[in-house]
Amino acid sequence: MHKQIILGHSPETHPMLDWQDIQIFLEVARSQRLTDAARRLGLDHSTLSRRTRRFEQKLNTQLFERSTHGYHLTEAGQQLLAHAEEMARHAFEAGESLADKNRQLSGQIRLGVTEGFGTWVIAPLLSTFCERHPGITLDLLALPRVVNLSRHEADLAITVERPASQGLVISRLCDYRLRLYGSQGYLQSYGRPARVAELSKHRLIGYVDDLIFSEQLSYLDPLLDPAVVGTAPHFSIRSTSVTTQHAAALQGAGLAVLPCFMAETGDRLESVLNDEVEIVRQFWITARQEQRRLARVRLLWDFLREALEVNRGLLMGEARELVLPSV
C-alpha cells in the first residue's frame with residue numbers, strides 16, 4: 001500500500017511535496033548547519049533560510065529547532081526524514097539503473113580514510129586502481145577524524161572503530177601492528193629504555209588527549225599507568241596528526257607509538273621495548289547499503305580487500321615495502 005506523507009493537513013488538503021524542497025530539507029537535516037548545507041547546495045545562506053521556512057509554511061509544520069548550535073529536527077522533522085531518505089535512495093537507484101554498463105564503471109568515488117593509513121598505504125595502492133579503471137575519479141579524504149557516511153561525506157569509509165550506525169554494510173578490512181619507535185639520534189642521546197617503567201625518564205610524542213577522535217588511538221594510556229612508570233612522563237610534542245608525530249620522531253623529538261606500515265619503511269627509526277609494547281588494531285571498511293550496490297564502489301571495495309591481504313606483512317611489521325598489485 002502506498003504511503004502518503006501528511007504533516008499538519010487533513011488528507012483532503014495535504015500539499016504535494018516538491019522534490020527540490022525535499023533535497024533542501026535533506027541537506028539541512030544532514031548538515032545541521034545552514035552554512036554547510038548552503039555550500040553543498042550551491043545556494044547563499046539567506047536564500048536557503050527562506051526556502052526552508054517556506055517549506056515549513058507550505059506544510060504548516062515546524063521541521064527544525066533553530067539555535068546558535070545549528071538546525072535540529074523536531075519530531076515532525078524526524079518523521080519526514082525517514083520518508084525523505086527513502087525517496088532520495090529510490091531516486092539515486094533509478095538514475096544508476098538507467099545508466100549503461102560503461103557509465104557504471106565510470107564516475108566518482110569518494111573514499112574517507114584515516115590520515116596515516118590513507119597517506120602511507122591507500123594512496124599508493126590507488127595508483128594501480130586508477131590505471132585499471134581510468135574512467136573512475138577518486139576523491140581521497142585522508143583526515144585525522146572519522147568521515148561521516150550518514151551525512152554523505154563519502155561513499156566508502158575506512159575507520160579504526162567498527163561503526164555502530166544502522167543502514168551500513170560493514171566488514172573487517174585488515175589488522176595492523178604498532179610499536180614504540182625512536183630515531184637513532186634520540187636513542188644515542190637519551191639511551192634505549194629496557195622496560196616500560198623507564199619511560200618516565202624519556203621524552204614522548206603522542207596525541208592531544210581531548211582531541212583524540214577514537215579511543216582506539218589511546219595507545220599510551222596503559223603504558224603510562226602511574227603504578228608502572230611512577231612519575232608522569234614528559235611529552236615533548238603532542239599532535240592530532242600521526243604524520244606529524246612520525247615527522248617529530250624522525251627528528252629526534254622523542255619516542256612515539258607508530259604504525260609499523262609508517263615506521264618500518266625506512267631505517268631512521270628503531271623499535272624499542274618490543275617484548276612489552278606490541279599493539280594490534282583493526283581497520284574497518286564501510287558503505288551505505290545503496291552505495292555498496294554500485295558497480296564502481298563494489299570494484300573499489302574488492303580491490304582494497306585483495307591489495308591489503310597481499311600487504312599483510314607490511315601492516316604487521318614483518319615486511320618493509322608496500323607491494324603494488326599489477327595493472
Side-chain angles (χ1 to χ4, degrees), residues 113-122 142-145 159-161 174-283 308 311-322:
V113 61
T114 54
E115 178 198 21
F117 193 49
T119 301
W120 291 80
V121 177
I122 299 301
L143 303 170
R145 65 173 177 85
T159 61
V160 294
E161 286 186 348
C174 61
D175 292 350
Y176 69 103
R177 179 173 282 125
L178 306 101
R179 294 191 177 110
L180 187 63
Y181 291 92
S183 70
Q184 295 173 1
Y186 175 86
L187 297 175
Q188 289 172 4
S189 299
Y190 293 91
R192 182 185 296 268
R195 51 197 178 94
V196 169
E198 294 180 9
L199 290 180
S200 60
K201 303 175 184 177
H202 283 267
R203 300 159 63 186
L204 299 178
I205 300 166
Y207 283 97
V208 182
D209 290 341
D210 59 331
L211 295 178
I212 290 180
F213 65 86
S214 169
E215 288 301 316
Q216 296 297 315
L217 303 180
S218 300
Y219 313 123
L220 288 170
D221 286 355
L223 301 178
L224 304 181
D225 186 337
V228 177
V229 299
T231 59
H234 170 65
F235 280 86
S236 58
I237 292 179
R238 296 192 301 174
S239 172
T240 57
S241 164
V242 69
T243 302
T244 300
Q245 295 174 34
H246 177 260
L250 286 174
Q251 295 305 313
L255 302 176
V257 173
L258 297 169
C260 295
F261 60 74
M262 293 176 65
E264 297 284 350
T265 54
D267 56 7
R268 296 171 60 190
L269 294 176
E270 297 182 15
S271 60
V272 298
L273 299 175
N274 286 350
D275 292 337
E276 297 184 70
V277 183
E278 182 181 343
I279 303 162
V280 175
R281 293 287 191 267
Q282 293 76 43
F283 282 117
L308 292 170
N311 281 285
R312 185 182 182 280
L314 177 69
L315 297 173
M316 298 302 290
E318 298 161 1
R320 298 179 71 87
E321 292 185 2
L322 185 70

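Every value quoted in this text rests on a predicted model; they were computed, and no experiment measured them.
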Visitor: Using side-chain heavy atoms (C-beta onward) and a distance below 4.5 Å, is Val121 in contact with Leu322?
Guide: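 Yes - at least one pair of side-chain heavy atoms lies under 4.5 Å apart.
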
Visitor: Can you tell me how far apart CZ (Arg179) and CD1 (Ile279) are? Round to the nearest 0.5 Å.
Guide: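 Output value for this atom pair is 10.5 Å.
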
Visitor: Side-chain contact test, heavy atoms from C-beta onward, threshold under 4.5 Å: evaluate it for Tyr176 versus Leu308 and give yes or no.
Guide: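 Counting from C-beta outward, Tyr176 and Leu308 never come under 4.5 Å.
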
Visitor: Starting at CG of Leu180, measure out to CG of Leu204 and round the result to the nearest 0.5 Å.
Guide: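 The CG atom of Leu204 is 7.5 Å from CG of Leu180, to the nearest 0.5 Å.
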
Visitor: Could you measure the distance from the CG atom of Leu211 to the OG atom of Ser241? Nearest 0.5 Å is fine.
Guide: 12.5 Å

Visitor: Do you know which two heavy atoms are closest between Glu115 and Val242, and how far apart they sit?
Guide: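 Looks like OE1-N, 3.5 Å.
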
Visitor: Identify the two heavy atoms, one from Ala142 and one from Gly118, that lie closest to each other, and give their separation to 0.1 Å.
Guide: CB-CA, 4.4 Å

Visitor: Out of the candidates Leu269, Ile205, Leu187, only one should pair with Leu255 under the side-chain contact (heavy atoms from CB on, under 4.5 Å) rule; please name it.
Guide: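 By the side-chain contact (heavy atoms from CB on, under 4.5 Å) criterion, Leu255 pairs with just one of Leu269, Ile205, Leu187: Leu187.
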
Visitor: Provide the closest heavy-atom pair for Pro193 versus Glu198 in the form atom of the first, atom of the second, distance.
Guide: CA-OE1, 3.4 Å

Visitor: Gln245 side chain to Ser239 main-chain N or O, any donor-acceptor pair under 3.5 Å?
Guide: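 Looks like yes, one N/O pair under 3.5 Å.
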
Visitor: Look up atom CD1 in Ile237 and atom CZ in Arg203, then write down how far apart they are to the nearest 0.5 Å.
Guide: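 Nearest 0.5 Å value for the CD1-CZ distance: 8.0 Å.
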
Visitor: Looking at every non-hydrogen atom in both residues, tell me the closest pair between Glu278 and Asn274 and how far apart they are.
Guide: CB-O, 4.3 Å

Visitor: Where the side chain of Thr114 meets the backbone of Gly116, is there a donor-acceptor pair that is under 3.5 Å apart?
Guide: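 Judged by distance alone, no pair lies under 3.5 Å.
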
Visitor: What residue among Tyr181, Phe261, Trp120 forms ring-ring contact (aromatic ring centres under 6.0 Å, His included) with His246?
Guide: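 With His246 as partner, ring-ring contact (aromatic ring centres under 6.0 Å, His included) holds for just one option, Trp120.
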
Visitor: Quick one: CD on Gln282 to CD on Glu161, what's the gap to the nearest 0.5 Å?
Guide: 11.0 Å

Visitor: Do Asp209 and Arg238 make a side-chain contact, defined as non-hydrogen atoms from C-beta onward lying under 4.5 Å apart?
Guide: yes

Visitor: How long is the straight-line distance from CZ of Arg312 back to CD of Glu318, given to the nearest 0.5 Å?
Guide: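 Glu318 atom CD to Arg312 atom CZ measures 5.5 Å (nearest 0.5 Å).
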
Visitor: Which heavy atom in Arg192 sits nearest to a heavy atom in Val272, and how many Å separate them?
Guide: NH1-CG1, 3.5 Å

Visitor: So, do Leu178 and Arg281 sit near enough that their side-chain heavy atoms are less than 4.5 Å apart?
Guide: yes

Visitor: Closer than 3.5 angstrom, by distance alone: can the side chain of Gln251 be matched with the main-chain N or O of Ser183 as a donor-acceptor pair?
Guide: no

Visitor: So do Phe235 and Val208 actually touch side chain to side chain, heavy atoms under 4.5 Å?
Guide: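 A side-chain contact is absent here, since even the closest heavy-atom pair is not under 4.5 Å.
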
Visitor: Taking C-beta and beyond as the side chain, do Tyr186 and Ser236 meet within less than 4.5 Å on heavy atoms?
Guide: no

Visitor: Do Arg177 and Val280 make a side-chain contact, defined as non-hydrogen atoms from C-beta onward lying under 4.5 Å apart?
Guide: yes

Visitor: Using every non-hydrogen atom in the two residues, find where Thr240 and Tyr207 come nearest and quote the distance to one decimal.
Guide: O-CE2, 3.7 Å

Visitor: Do any N or O atoms from the side chain of Arg320 and from the backbone of Gly266 form a donor-acceptor pair under 3.5 angstrom?
Guide: yes

